[in-house]
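To start, the structure under review is shown below, and the notes come after it.
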Amino acid sequence: MVDTRLIDGKARAAGLRAAVAAAAAALKAQHGIVPGLCAVLVGEDPASQVYVRSKGKATIEAGLASFEHKLPASASEAELLALIARLNADDTVDGILVQLPLPPQINPQRVIDAIAPAKDVDGFHPENVGRLWSGSTSLVPCTPYGCLMLLREAIPSLAGAEAVVLGRSNIVGKPMAALLLGESCTVTVAHSKSHDLPAIARRADILIAAVSKPELVRGDWIKPGAVVIDVGINRVATADGKSRLVGDVAFEEAQGIAGAITPVPGGVGPMTIACLLRNTLLAACRRRGLTEPSI
Ligand code: NAP
C-alpha cells in the first residue's frame, strides 16, 4: 500500500500567477510595458463564455491588459481572419487566443495558421509546434506545460523516467509527449487504436491521462508509486439528478497505488490559465527583445 500524495495544482497555479504579477509589475516599472492578452470568442457557447470570462479576470488580476472581441455565431471565416490580421498588427496585443470550438463554417486550422507565431499564446501555430519538437524556444501549449510544472515538483529528476501519455490531441497529448521527450523521459503515446491500454499504462513511472473519457484509467492500470497527472475534465450525472466533475482516472481507486496524483478539480485545470498568463508575459518580452523573467 502506497501513501498517495495529492498534487495541489491550485496552490502551484496561485504561486505562478503571483510570479507573473510580480514580473509584470517590474516590466511596467522598468519599460512602461503592460502585456496585453486578447480573447476572441465566436458565437454564444456557454462553456466558452465562462472560460473567456475567467481568463479575462485572471489576466487583470495579474496586472496584464485584457481585451475581448466577440463575433456572432454567423461570422464568416473571412471576418475572423480580418480581425486576427488587425490583432497581429496591434502593438498593444501580445497574446491572441481564439476560443475553440469555432462554428462549423470556420476552419479552425486556417484560423490558428493566421495568428502571428510571436503572439500565439496557445502554442498551436505550426511554427510553435515545430519549434517545440525541435527543442527551440517557443510558446508552449498551456495545459501540457502546466502538467510539466507539476511533474517537475513531484519528481526531482525526470530524465530516464518511463512516461506514458494517454491521448494524442494537438492540444494536450502530442505537446505533452514533446515536453517529456525534452526532459529525457522514455515516452509512449497511446490512443484509441492502441492495443491493451492497461498493460501500456502499467509501464509508466509517469502516467498522463488525457482521453476525455470519465474514469477510463482504473486503479489496476497504475504502477505502484507512479505519478499520475489527470488532465481530464468530464461532467457526469449523479444519482441525485445533479452532476459532478471527474477526471480520466478513477481517483478513489488510484489511492494507495499511485505515488502522487492530481485531483479533479484542483489539479491541472488551474495551471492552464496561469500558464496562459505566463505565455503572454513571455510573448511581450520576446517580441521586444527584452530579457524574459525565469518563471
Ligand atoms: P480530445 O481531443 O478528445 O482527445 C482525446 C484523445 O484520447 C484522442 O487522442 C483519442 O484517441 C484518445 N482516446 C479517446 N478514447 C480513448 C480510449 N478509450 N482509449 C485510448 N485513448 C482514447 O481531448 P483533449 O482536448 O486532448 O482533452 C483531453 C481531456 O483533457 C478532456 O477531458 C478535456 O476536457 C481535458 N482538458 C483539460 C484541460 C485543463 O485545463 N485541465 C485543458 C484541455 C483539455 P484518437 O486520437 O485515436 O481518437
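In this text, all values refer to a predicted model and were calculated from it rather than measured experimentally. Counting convention: from 1, in listed order, for ligands and their atoms alike. Note that the numbering runs from 1 along the sequence shown for the chain.
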Ligand-residue contact atoms, ligand 1 with Leu197, heavy atoms, under 4.0 Å: 19 (N), 20 (C)
Below 4.0 Å, non-hydrogen atoms only: which portion of Asn234 touches ligand 1? Side chain, backbone, both or neither. side chain
Please report whether ligand 1 has a polar contact with Thr272, defined as an N or O pair separated by less than 3.5 Å (distance criterion only). yes
Check the side chains of Glu44 and Gln49 for a donor-acceptor pair under 3.5 angstrom, ignoring hydrogens and angles. yes
Whether Arg152 and Glu183 form a salt bridge (side-chain N of Lys/Arg under 4.0 Å from carboxylate O of Asp/Glu) is what I want to check. yes
Val211 contact mode with ligand 1 (heavy-atom cut-off under 4.0 Å): both
Modelled atom types, side-chain donor and acceptor of Ser243 and Arg235, under 3.5 Å: yes
For Phe67, run the side-chain contact (heavy atoms from CB on, under 4.5 Å) check against Val93, Leu37, Thr59 and tell me which one passes. Val93
In terms of atom number and element, which parts of ligand 1 are under 4.0 angstrom from non-hydrogen atoms of Val172? 26 (O), 43 (C), 44 (C)
Cut-off 3.5 Å, side chains only: do Thr188 and Arg203 have a donor facing an acceptor? yes
Please report which non-hydrogen protein atom sits nearest to atom 26 (O) of ligand 1, along with the residue it belongs to and the distance in Å to one decimal place. Ser169 OG, 2.5 Å
Give a yes/no verdict on whether any heavy atom in Ser194 is under 4.0 Å from an atom of ligand 1. no
Find out if a path of hydrophobic residues (ILVMFWY) with successive side-chain heavy-atom gaps under 4.5 Å connects Leu139 to Ile84. no
I need the nearest protein heavy-atom contact for atom 46 (O) of ligand 1: residue, atom name and distance, please. Arg168 NE, 2.7 Å
Could a heavy atom of Ala190 be found less than 4.0 Å from some atom of ligand 1? no
What residue and atom, counting heavy atoms only, is the protein's closest point to atom 3 (O) of ligand 1, and at what distance? Ser212 OG, 3.5 Å
Between Lys119 and Asn88, is there a donor-acceptor pair closer than 3.5 Å when you use the side chain of the first and the backbone of the second? yes
Considering only protein heavy atoms, which is closest to atom 17 (C) of ligand 1, and at what distance to one decimal place? Leu216 CD2, 3.9 Å
Residue and atom name of the nearest protein heavy atom (relative to atom 34 (O) of ligand 1), distance in Å to one decimal: Ile233 O, 3.4 Å
Please check this pair: side chain of Arg286 against backbone of Glu292, looking for a donor-acceptor N/O pair closer than 3.5 Å. no
Residue, atom name and distance, where the atom is the protein heavy atom closest to atom 48 (O) of ligand 1: Ser192 OG, 3.5 Å
Look only at the side chain of Asp94 and the backbone of Gly36, and say whether a donor-acceptor pair between them is shorter than 3.5 Å. yes
Applying a strict under-4.5 Å side-chain criterion to I, L, V, M, F, W and Y, I'd like to know whether Leu207 and Leu180 cluster together. no
Are any of the N or O atoms of Val268 closer than 3.5 Å to those of ligand 1? no
Looking at SG of Cys285 and CD1 of Ile33, how far apart are the two atoms once the value is rounded to the nearest 0.5 Å? 7.5 Å
Give the single entry among His191, Lys193, Arg235 that approaches atom 21 (N) of ligand 1 most closely by any heavy atom. His191
May I ask you to identify the nearest protein heavy atom to atom 42 (C) of ligand 1, giving residue, atom name and distance to one decimal place in Å? Thr143 OG1, 3.1 Å
Of the backbone atoms (N, CA, C, O) and the side-chain heavy atoms from C-beta on, which set of Lys213 has a member under 4.0 Å from an atom of ligand 1: side chain, backbone, both, or neither? side chain
What protein heavy atom is closest to atom 35 (C) of ligand 1, reported as residue, atom name and distance in Å? Val231 O, 3.3 Å
